[in-house]
Novice: 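My questions will all concern the structure given below.
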Amino acid sequence: MPVRVRLTLLGAARDLAGDAPSEIELAPGATVAAALQALGGRYGAAWGRAVYDADGRIATEVAILVNNRNIFLADGLETGLADGDALAILPVVSGG
Amino acid sequence: MYGFAGKILRVDLSKRTLREEPLDAAVARTYVGGRGLGARIMFEELAPGIDPLGPDNNVIFATGPVTGTAIPGNTRFIVLGKSPLTGLFGESNCSGSFGRELKKAGYDAVVVGGKAETPAYLWINDGRAEIRDAGHLWGKTTGETDDALKQEVGDKRAWVACIGPAGERLVKYAAILSDKHKAAGRTGLGAVMGAKNLKAVVARGTGEVPVAQPEKVKGLARWMNRDRHANPGAQQLATYGTSGGIPGLQAQGILPTKNFQSGVFAGAEKISGQALARTILTGTIRCEGCPIPHHRQVDLKDSPYGPIDGRYGGAEYETVAAFGSLCLIDDLVAINAANQLCNAYGIDTISAGVVVAWAMECYEKGILSAKDLGGVAARWGDGRAVLALLEQIGRREGGGDLLAEGVRAAAQRVGQGSAEFAMHVRGLELALHDPRGKKGLTLIYTAASPRGACHTEAAHDTSFERPNAVPEAGIVAPLDRLAVEGKGELMRKACDLHTALNSLSLCQQVIEPAMGRFTLSTVVEIVAAITGWEDLTAAEVLAMGERANNLARAWNVREGSDRRDDVLPARFREGLPEGGSAGETVSLEDQDRLLDDFYAACGWTEDGVPSEQKLQALDLGYVAEALRASGALAAG
Ligand code: SF4
């Protein structure tokens with residue numbers, strides 16, 4: 001069964017996506033990497049540059065959260081996505 | 001000496017004397033500038049227990065080695081003195097060109113003591129300084145003062161740092177305004193100027209800041225400019241300003257709402273930087289040489305609240321949240337009218353927003369009536385009520401006389417349980433960030449900050465949820481924003497780094513390695529190219545911050561402040577009721593654990609006093625001696 005993931009895009013990831021869907025559908029066993037690949041395919045190279053840095057790592061100003069928890073506190077890009085999970089890509093809001 | 005003007009200007013307003021003193025090269029390398037240099041002057045010259053509003057206090061304007069160079073973010077200057085709001089270490093950080101002009105005029109810092117008999121201003125013009133009469137400016141707004149002084153000195157390129165009516169009337173959180181919209185807002189140093197009858201300092205300099213490797217500095221500046229132009233995060237900041245972060249805070253349930261009762265605000269979208277850009281934003285402003293024009297400008301010929309003059313800028317994140325979500329106001333026009341009023345009167349918008357939100361909660365609970373508040377029914381969400389209260393505060397009329405004392409003093413006076421929701425640490429009103437959703441922020445607001453609840457002591461927890469945030473400082477493993485474990489050690493390093501940037505006078509919106517804005521190695525490269533300190537290392541840069549922080553902490557300890565004051569408001573022991581951080585608290589146990597870990601990481605005693613060993617290691621033996629003499633450290 002495909003996995004349905006709730007999606008929140010904010011910041012540059014939102015601006016470059018235009019009207020983003022509130023949900024995406026992924027293959028079973030999908031990871032964050034697969035979700036980003038799907039979104040990159042849909043929104044193009046400029047969108048990718050808002051999420052990844054020049055070395056292909058997640059840009060330092062971007063936070064990717066699964067169920068409100070940063071993926072780097074789980075398995076990074078390999079963090080798994082289950083049906084009903086919430087995926088958010090947003091700017092790191094730090095302060096300071 | 002490269003990177004420095006090499007002189008400090010000393011002004012005694014009582015005696016009307018001015019004198020120059022050389023900045024020693026060893027002092028420059030050890031204390032650098034900004035907080036480091038200012039704290040040293042304060043420690044040596046401000047005796048414990050002095051009246052912040054008396055002639056014995058100083059107001060210090062300090063730059064750093066980067067100020068006035070070609071490096072983007074070279075525009076910071078730091079104002080310091082004993083705070084009339086907290087009675088402790090006072091400091092505020094400001095951008096714009098005032099610091100650049102001061103340094104190009106030949107001074108790394110100006111130290112103003114005494115009290116002028118009648119209103120005065122200081123005119124610093126290319127190595128010459130004089131005290132001039134300001135009787136005709138007393139009572140004028142910051143905008144009127146700025147315009148009049150530029151005309152009076154006959155140079156439009158002069159920069160003014162001045163107070164408005166709030167500083168004159170000793171509003172305890174009065175700000176110092178530069179170019180009408182850039183504020184050294186925190187800790188009430190505008191009132192210190194007011195108490196000295198010092199209306200303004202005006203600076204103009206045509207000199208060059210000498211740098212050791214001019215071509216290298218130019219090359220670094222060009223590269224940094226290109227990098228920021230290409231960086232999506234920096235471009236977001238330029239497009240939406242700092243309040244472009246509001247949707248992210250809302251998504252994580254940490255947008256301070258209704259006097260910190262919640263972290264979710266129904267009107268969040270309406271007050272966001274994105275909404276501002278779509279609606280009433282009329283322009284953006286940048287500092288000299290900066291690639292990120294994130295300052296907002298709102299200019300409205302007419303609005304329900306009267307005209308809004310774009311020269312007062314536009315509300316940025318702290319101000320938007322202070323008068324917006326904190327007071328349940330979702331109207332950007334009202335928020336920008338409040339911003340204008342604060343800037344014109346010279347009032348810190350953060351403290352003012354927290355004071356007004358407290359008054360609204362008091363009104364809702366029946367603790368304060370409209371009669372107590374000069375006839376204002378202080379209802380949540382009422383923009384007109386906010387503006388009316390700000391007018392009263394600026395003039396100390398009606399309820400303004402009470403509110404002008406700051407939320408701690410006002411709650412003490414009013415009683416009836418209102419101290420429970422008076423949101424301050426050590427008397428400084430909280431910035432617009434919620435420690436329940438970023439546990440390390442507890443330390444930024446308490447032990448790490450000599451000022452009280454200021455948010456600019458370090459990057460916040462959310463910056464450290466990624467790996468290798470600052471590898472040169474040993475910040476490698478990601479840490480959960482909600483975790484308590486590990487935050488003491490992390491925050492010590494993060495605070496040392498941030499304070500080093502403060503002392504170097506680098507704008508942290510441009511360069512903050514912890515926030516992914518360049519690396520610590522780049523900071524070392526920049527500073528070495530400017531100063532010629534070729535053997536400079538990342539460890540020395542961090543030690544510059546650590547030394548300044550220990551000195552400032554020791555200054556507070558000598559005033560009698562220690563662990564007992566490192567306390568968050570009681571409200572944070574209640575769970576956030578909804579949103580992405582629902583249920584989160586900072587319990588007393590959490591707070592104790594954070595403090596214990598932080599003190600240990602700093603080399604401080606259990607009471608939060610810098611230890612003899614730590615002070616000696618930082619070449620602060622004279623500070624240890626003073627703490628022994630005051631009884632804060634055991635004689636040994
Ligand atoms: S980032 Fe902002 S405050 Fe800093 S130098 Fe640039 S415009 Fe000025």
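A, B, ... follow the sequence lines: proteins, then strands. Residue 1 opens every chain. The figures that follow rest on heavy atoms only: side chains count, while hydrogens, waters and symmetry mates do not.
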Novice: Answer with side chain, backbone, both or neither: which region of B:A431 has an atom nearer than 4.5 Å to a non-hydrogen atom of chain A?
Specialist: neither
Novice: Could you give the distance from OG1 (B:T462) to CG (A:L90), rounded to the nearest 0.5 Å?
Specialist: 9.5 Å
Novice: Do any of residues 80-87 of chain A have a heavy atom less than 4.5 Å from a heavy atom of chain B, and if so, which, in residue order?
Specialist: none
Novice: Show your working on side chain to side chain contact (heavy atoms under 4.5 Å, CB included) between B:M515 and A:V92 and close with a plain yes or no.
Specialist: CA-CA 8 Å; B:M515 297 187 202; A:V92 174; over 6 Å; no
Novice: Just jot down the side-chain contact (heavy atoms from CB on, under 4.5 Å) partners of A:V93, sequence neighbours excluded, or say none.
Specialist: B:L249
Novice: Quick one: which of B:I444, B:N231, B:L479, B:T239 has the most heavy-atom pairs under 4.5 Å with chain A, could you say?
Specialist: B:N231
Novice: Under a 4.5 Å cut-off applied to non-hydrogen side-chain atoms, are A:T60 and B:R466 in contact?
Specialist: yes
Novice: A:A12 versus chain B, heavy atoms under 4.5 Å apart: side chain, backbone, both or neither?
Specialist: both
Novice: Does any backbone or side-chain atom of A:L65 lie under 4.5 Å from a heavy atom of chain B? Answer side chain, backbone, both or neither.
Specialist: side chain
Novice: Could you walk me through whether A:D15 and B:Q236 pass the side chain to side chain donor-acceptor pair (under 3.5 Å) check?
Specialist: CA-CA 9 Å; A:D15 286 2; B:Q236 284 278 309; 3.1 Å; yes
Novice: Does any part of the side chain of B:E465, heavy atoms only, come nearer than 4.5 Å to the side chain of A:F72, both counted from C-beta?
Specialist: no
Novice: Who passes ring pair (Phe, Tyr, Trp, His ring centres under 6.0 Å) against B:F260, sequence neighbours left out?
Specialist: B:F572
Novice: Tabulate, in ascending numerical order, the residues of residues 45-54 of chain A having at least one heavy atom closer than 4.5 Å to a heavy atom of chain B, or enter 'none'.
Specialist: A:R49, A:A50
Novice: Would one find more than 12 heavy atoms of other residues, nucleotides or ligands at under 6.0 Å from atom CD of A:Q37?
Specialist: no
Novice: Which region of B:F464, side chain (C-beta onward) or backbone (N, CA, C, O), has a non-hydrogen atom less than 4.5 Å from a non-hydrogen atom of chain A, or is it both or neither?
Specialist: neither
Novice: To the closest 0.5 Å, what do you measure between CG (B:L482) and CG (A:L73)?
Specialist: 9.0 Å
Novice: What's the spacing between B:R481 CZ and A:S94 OG if we round to 0.5 Å?
Specialist: 12.5 Å
